[in-house]
Asks: 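Take this structure, written in structure tokens, and hold onto it; I'll ask about it next.
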Amino acid sequence: MCKSRYLVLGGNGFIGKNLCSFLQRQGEEVTSFDRELPDKREAGIVYIKGDFFEDIVLRRLLEDHTIIYHAISTINPGNSNEIYLQGYSKDLIQTIKMCSWIKDSNKKVIFLSSGGTIYGNQTIQPIKEDVLPQPINHYGNIKLCIENALRILHIQNNISISIARISNPFGPEQDYTKGVGFIDAVLKQAMQRKKIEIWGDGETIRDYIYIDDVIKFLYYLSLQDQKDIVFNISSGIGISQNQVIDVVKNLGLSVEVIYKEKRSVDAEKIILDNSKIQKQCQMKLLPFSDGVKRYYQYLAENKETYNLEG
């Protein structure tokens, strides 16, 4: 059997960097592809700078790889209602084109979707993969459109697909200034003695999962050919923003919060049922408070890199 060659589209992003590092440690051949190269490059990883939306570049890249992680998005939940046409005209169309180029091949695509924004407001929690998605912003709807296109290509064109609906990951390499990352924002703002803004009353609930656990789940998806193609990647536990603040305070940090008007793009409560993937891989997850502590220790050890005080 030929050894798999891994391609991470969006390898310079939060999840992409962690995924490339993990794959390299597993002894896999891995290529990181993104618009910009990382400031620090790891031995054993091939880094390629390029544009996902240039057809010739992308087609040549696909030829040399068997496992393709698709982690590229040009929009985020916060800005999607303003620049949504970009997501439909670029992200959706280019993903469909990419998959059409690899039909009837032995390649596999693992699409990094969105857990929270796909489902929207749901009555029954935790949310299972088979509920009717009800996105409340264009970011979630674009992810859902891509999922549906991939599902059809899987059925009609024999393309191996896995869809990872990831909840709210946090940990090293995250950057909240890019539009997502509440825990990242709270820790960094607290370490800089800055006020923390919360949209709403702080009772918005999310399913937070440490980045290392996300990566292990994603790697598992690359090793198996599953009958089902959609999997929640989550902790299965809901934590409110106010609870996050309490956990950070317990680390000895001073936290000052400013509560602002709730945003329409935010669902009130998102907890994802992870029993489907856990039934297959039975992985022990890092408890939430331990994950926050671990990430804080990482930031404290790298204060100069992130221009943090304290």
Side-chain angles (χ1 to χ4, degrees), residues 10 12-22 38-40 71 76-79 112 114-117 166-217 233-260 262-263 265-267 269-272 285-310:
N12 197 30
F14 165 44
I15 296 179
K17 284 182 179 178
N18 282 280
L19 180 56
C20 288
S21 295
F22 179 85
D39 295 331
K40 295 181 180 179
N76 63 57
N79 66 23
L112 277 60
S114 169
T117 60
I166 305 172
S167 57
N168 290 76
F170 69 97
E173 303 295 348
Q174 193 165 33
D175 182 358
Y176 73 90
T177 64
K178 294 182 178 179
V180 290
F182 179 69
I183 293 172
D184 182 59
V186 172
L187 284 172
K188 289 176 180 175
Q189 296 288 79
M191 292 175 73
Q192 293 176 297
R193 300 180 179 86
K194 294 181 179 180
K195 296 179 181 179
I196 295 159
E197 293 183 349
I198 289 182
W199 303 90
D201 60 4
E203 290 305 306
T204 296
I205 293 174
R206 290 294 180 267
D207 184 332
Y208 298 100
I209 179 171
Y210 198 67
I211 185 62
D212 291 358
D213 292 334
V214 174
I215 300 308
K216 291 173 185 175
F217 278 134
I233 305 297
S234 69
S235 70
I237 299 172
I239 304 289
S240 73
Q241 292 173 309
N242 287 329
Q243 287 176 309
V244 172
I245 297 298
D246 289 339
V247 170
V248 172
K249 286 181 178 179
N250 287 337
L251 295 174
L253 290 169
S254 176
V255 182
E256 185 176 354
V257 179
I258 299 175
Y259 293 95
K260 306 185 75 173
K262 178 179 173 60
R263 301 184 302 182
V265 298
D266 296 324
K269 181 179 182 180
I270 298 290
I271 308 172
L272 304 188
L285 304 180
L286 186 68
F288 173 73
S289 58
D290 291 348
V292 175
K293 182 178 180 180
R294 182 180 296 185
Y295 187 33
Y296 171 59
Q297 291 172 339
Y298 168 84
L299 291 174
E301 293 169 0
N302 294 274
K303 288 187 292 185
E304 292 184 2
T305 301
Y306 297 99
N307 297 315
L308 302 173
E309 299 177 358

Asks: Is there side-chain contact between R206 and I239, with heavy atoms separated by less than 4.5 Å?
Replies: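 A side-chain contact is absent here, since even the closest heavy-atom pair is not under 4.5 Å.
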Asks: Starting at CG of L285, measure out to NZ of K216 and round the result to the nearest 0.5 Å.
Replies: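 If I round to the nearest 0.5 Å, the distance is 9.0 Å.
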Asks: Of V248, L251, V186, L253, which is the lone residue that meets side chain to side chain contact (heavy atoms under 4.5 Å, CB included) with M191?
Replies: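 That would be L253.
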Asks: Say you draw a straight line from CG of N250 to NZ of K293; how long is it, rounded to the nearest 0.5 Å?
Replies: 11.0 Å
Asks: Which atoms form the tightest heavy-atom contact between V255 and V257, and what is the distance?
Replies: CG1-CG2, 4.0 Å
Asks: Give, for atom OH of Y296 and atom CD1 of I183, the distance between the pair rounded to the nearest 0.5 Å.
Replies: 15.5 Å
Asks: With K195, which residues qualify under salt bridge (Lys or Arg N to Asp or Glu O under 4.0 Å), at least two apart?
Replies: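 With neighbours one apart ignored, the set is E256.
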Asks: If you look only at pairs with a residue in residues 187-208, which of them pass as a ring pair (Phe, Tyr, Trp, His ring centres under 6.0 Å), with sequence neighbours excluded?
Replies: Y208-F288
Asks: Determine whether a donor-acceptor pair (N or O, by modelled atom type, separation under 3.5 Å) exists between the side chain of D207 and the backbone of S234.
Replies: no
Asks: To the nearest 0.5 Å, tell me how far L308 CG sits from Q189 CD.
Replies: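 Those atoms lie 9.5 Å apart.
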Asks: Any side-chain to backbone donor/acceptor pair from N18 onto E173? Under 3.5 Å, distance only.
Replies: no
Asks: Holding to salt bridge (Lys or Arg N to Asp or Glu O under 4.0 Å), I want the full list of residues that pass it with D184, two or more places apart in sequence or in another chain.
Replies: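 Scan of D184 (salt bridge (Lys or Arg N to Asp or Glu O under 4.0 Å), adjacent residues dropped) gives K188.
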Asks: Which heavy atom in L272 sits nearest to a heavy atom in S167, and how many Å separate them?
Replies: CD1-CB, 3.8 Å
Asks: side-chain contact (heavy atoms from CB on, under 4.5 Å), that's the test. Do I198 and K260 meet it? Break it down for me.
Replies: CA-CA 6 Å; I198 289 182; K260 306 185 75 173; over 6 Å; no
Asks: Quick one: closest heavy-atom pair of P172 and Y210, and the distance?
Replies: CD-OH, 3.4 Å
Asks: If you take all heavy atoms of A71 and L112, which pair is closest and at what distance?
Replies: CB-CD2, 3.7 Å
Asks: Would you confirm whether Q174, through its side chain, and P169, through its main-chain N or O, come within 3.5 Å as a donor-acceptor pair?
Replies: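 Here the side-chain-to-backbone pair exists.
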Asks: Would one find more than 12 heavy atoms of other residues, nucleotides or ligands at under 6.0 Å from atom NZ of K178?
Replies: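 No, not enclosed.
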Asks: Less than 4.5 Å apart, any side-chain heavy atom of F217 and any of I209?
Replies: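 Side-chain contact under 4.5 Å: yes.
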Asks: Less than 4.5 Å apart, any side-chain heavy atom of I166 and any of I15?
Replies: yes
Asks: Taking all heavy atoms of A190 and all of S254, pick out the closest pair and write down the distance.
Replies: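 Smallest heavy-atom distance, with atoms named: CB-O, 3.8 Å.
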Asks: Do side-chain atoms of N242 reach the backbone of G202 as a donor and acceptor pair under 3.5 angstrom?
Replies: yes
Asks: Under a 3.5 Å distance rule, please check whether N76 uses its side chain to pair with a backbone N or O of V180 as donor and acceptor.
Replies: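 Answer holds: no.
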Asks: Nearest 0.5 Å please: distance from the OG atom of S114 over to the CD1 atom of I270.
Replies: 8.5 Å
Asks: Rounded to the nearest 0.5 Å, how far does CD1 of I205 lie from CD of E203?
Replies: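 Separation between the atoms: 7.0 Å.
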Asks: Going through the checks in order, is the side-chain contact (heavy atoms from CB on, under 4.5 Å) test met by L286 and D212?
Replies: CA-CA 9 Å; L286 186 68; D212 291 358; over 6 Å; no
Asks: Do L187 and Y298 have side chains that approach each other closer than 4.5 Å (heavy atoms only, starting at C-beta)?
Replies: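 Answer no - side chains too far apart.
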